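Accompanying notes for the structure given below.
As the structure is a prediction and not an experimental result, all values here were calculated from the model. Keep in mind that the numbers below use all heavy atoms, side chains included, and drop hydrogens, waters and symmetry copies. Reminder, nothing fancy here: chain letters follow the sequence lines and each chain counts from 1.
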Number of protein chains: 2
Amino acid sequence: MTEKSNFPTNMDHDQWFWDVLNAYLIQQSLKQTRQRKVVVEEFLKLDRHVDAEDLHNIVRKRDPRVGLATVYRTLNLLKEAGLADQKSFRDGRSVFEVHRPDHHHDHLVCLDCGKIMEFENEEIESLQNQVADKLGFKLTGHRLDLYGHCLKRNCMPDAKV
Amino acid sequence: MTEKSNFPTNMDHDQWFWDVLNAYLIQQSLKQTRQRKVVVEEFLKLDRHVDAEDLHNIVRKRDPRVGLATVYRTLNLLKEAGLADQKSFRDGRSVFEVHRPDHHHDHLVCLDCGKIMEFENEEIESLQNQVADKLGFKLTGHRLDLYGHCLKRNCMPDAKV
DNA sequence: CTTTGTGCAAACCCTTTGCAAGCAG
DNA sequence: CTGCTTGCAAAGGGTTTGCACAAAG
């Protein structure tokens, strides 16, 4: 993009993420800090739904000085930058995931092991629009979560999401 | 049902609700109290999505001695009896609604006025099952919320849900 | 009487915030 | 240097819970 981003990264396929983030930081006069770097790197590395506490534990292994509040603040920053989505499948606790602009999807959650799968279905989306039209709504978004049991043999009750 | 329910009600079309509730109370050796009566009556009378605080305010007009905790406890009791559903459209706050066994529906929420409409669409349900099948899940439930703007002229920003 | 229910306030859980000290720019 | 950031702990907001008293069965 513009010359060079200060946050280094080895993973080319995540370059877009760092580019957007760095642009956002500069635009908002925010700073690139050690803590933000670690939190974002681990968040990207995980590449799955994760809650703040889990991410905090992971980050602490690399840098024990990072506080939970900073993890929350960084995740909220990513949300504001449009780089992360926040969901709450289990009531009272949020999970975050990387927002990939070109990839809308809904979720399928296993009630036994907590596994979260993603899917997309254009027919469903189209029907949603029809429903909204019929009821006189201008649809701007939706949330579709399917709940059930995955049939994998390694589905462990109470496993970590 | 069994002879006679002690909780009286004038509204015949809600009789099924009181019957189920009384049966549940007896079966669980729970008691019929003045507070439960008032909370449930007002909940039924409203017949819309309501949160605990709102319901508490309404109940207090009839009986100022009823505490918020009792409202929560009563709503949870109804949930356990299968008579109420709990949803959380706005993050961090739950709303409750009467669960009508024969009437499954999803929700359409106006982001301006908070109005909640209900709809059902069998095509969508069927597609959900197809998706779950394809991904190797046994589907047991789902949640579909549509978000948008209602086109009514009386749509007031920040109106009460 | 025995057991469950209630009101109150305190506890909880997750998340946010105030503040003084720490750093990036 | 200036002002955004951080860590810590305290505060917040909705919901639950412990306790002693009230009340249903």
Sequence neighbours excluded, which residues qualify as salt bridge (charged side-chain N to carboxylate O under 4.0 Å, His left out) partners of [X]?
X: B/E97; value: none
X: B/D106; value: none
X: A/E120; value: none

When you check the gap from the basic side-chain N to the acidic O, do A/E41 and A/R62 get nearer than 4.0 Å?
yes

Taking the basic N atoms (NZ, or NE/NH1/NH2) and the acidic carboxylate oxygens, is any pair closer than 4.0 Å for A/R93 and A/E53?
yes

Between A/Q35 and D/dT5, does any side-chain N or O lie under 4.0 Å from OP1 or OP2?
no

Check this one for me: any side-chain N or O of B/T33 less than 4.0 Å away from OP1 or OP2 of C/dT6?
yes

Distance check needed: [N] [atom2] versus [X] [atom1], whole Å only.
X: B/R34; N: C/dG5; atom1: CZ; atom2: C1'; answer: 11 Å
X: A/L25; N: D/dT5; atom1: CG; atom2: C1'; answer: 12 Å
X: A/L77; N: D/dT5; atom1: CG; atom2: P; answer: 8 Å
X: B/R65; N: C/dG5; atom1: CZ; atom2: C1'; answer: 14 Å
X: A/R36; N: D/dT6; atom1: CZ; atom2: C1'; answer: 10 Å
X: B/K37; N: C/dT4; atom1: NZ; atom2: C1'; answer: 20 Å
X: A/Q28; N: C/dA24; atom1: CD; atom2: C1'; answer: 17 Å
X: A/K31; N: C/dA24; atom1: NZ; atom2: C1'; answer: 5 Å

Taking the ring of B/H107 and the ring of B/F89, is the distance between their centroids below 6.0 Å?
yes

Below 4.0 angstrom, which residues in residues 55-63 of chain B have at least one non-hydrogen atom near DNA chain D?
none

Contacts under 3.5 Å, N or O only, protein and nucleotides 13-16 of chain D:
from, atom 1, to, atom 2, distance (Å)
D/dG14, OP1, B/R93, NH2, 2.3
D/dG14, O5', B/R93, NH2, 3.4
D/dG14, O3', B/G92, O, 3.2
D/dT15, OP1, B/S94, N, 2.9
D/dT15, OP1, B/S94, OG, 3.2
D/dT15, OP2, B/Y72, OH, 2.1
D/dT15, O5', B/Y72, OH, 3.1
D/dT16, OP2, B/N76, ND2, 3.1

Examine A/Y147 and A/L144 and state if one hydrophobic cluster contains both, with Ile, Leu, Val, Met, Phe, Trp and Tyr joined whenever side-chain heavy atoms are less than 4.5 Å apart.
no

Among D/dG7, C/dG25, D/dA23, which nucleotide has an atom closest to any side-chain atom of A/V66?
D/dG7

Report the distance from atom CZ of B/F119 to atom CZ of A/F137, rounding to the nearest 0.5 Å.
10.5 Å

Validation: residues 67-85 of chain A side-chain donor-acceptor distances under 3.5 Å, sequence neighbours left out:
from, atom 1, to, atom 2, distance (Å)
A/T74, OG1, A/T70, O, 2.8
A/N76, OD1, A/K79, NZ, 3.4
A/N76, ND2, A/Y72, O, 3.3
A/K79, NZ, A/Q86, OE1, 2.4
A/D85, OD1, A/H99, ND1, 3.2
A/D85, OD2, A/H99, ND1, 2.7

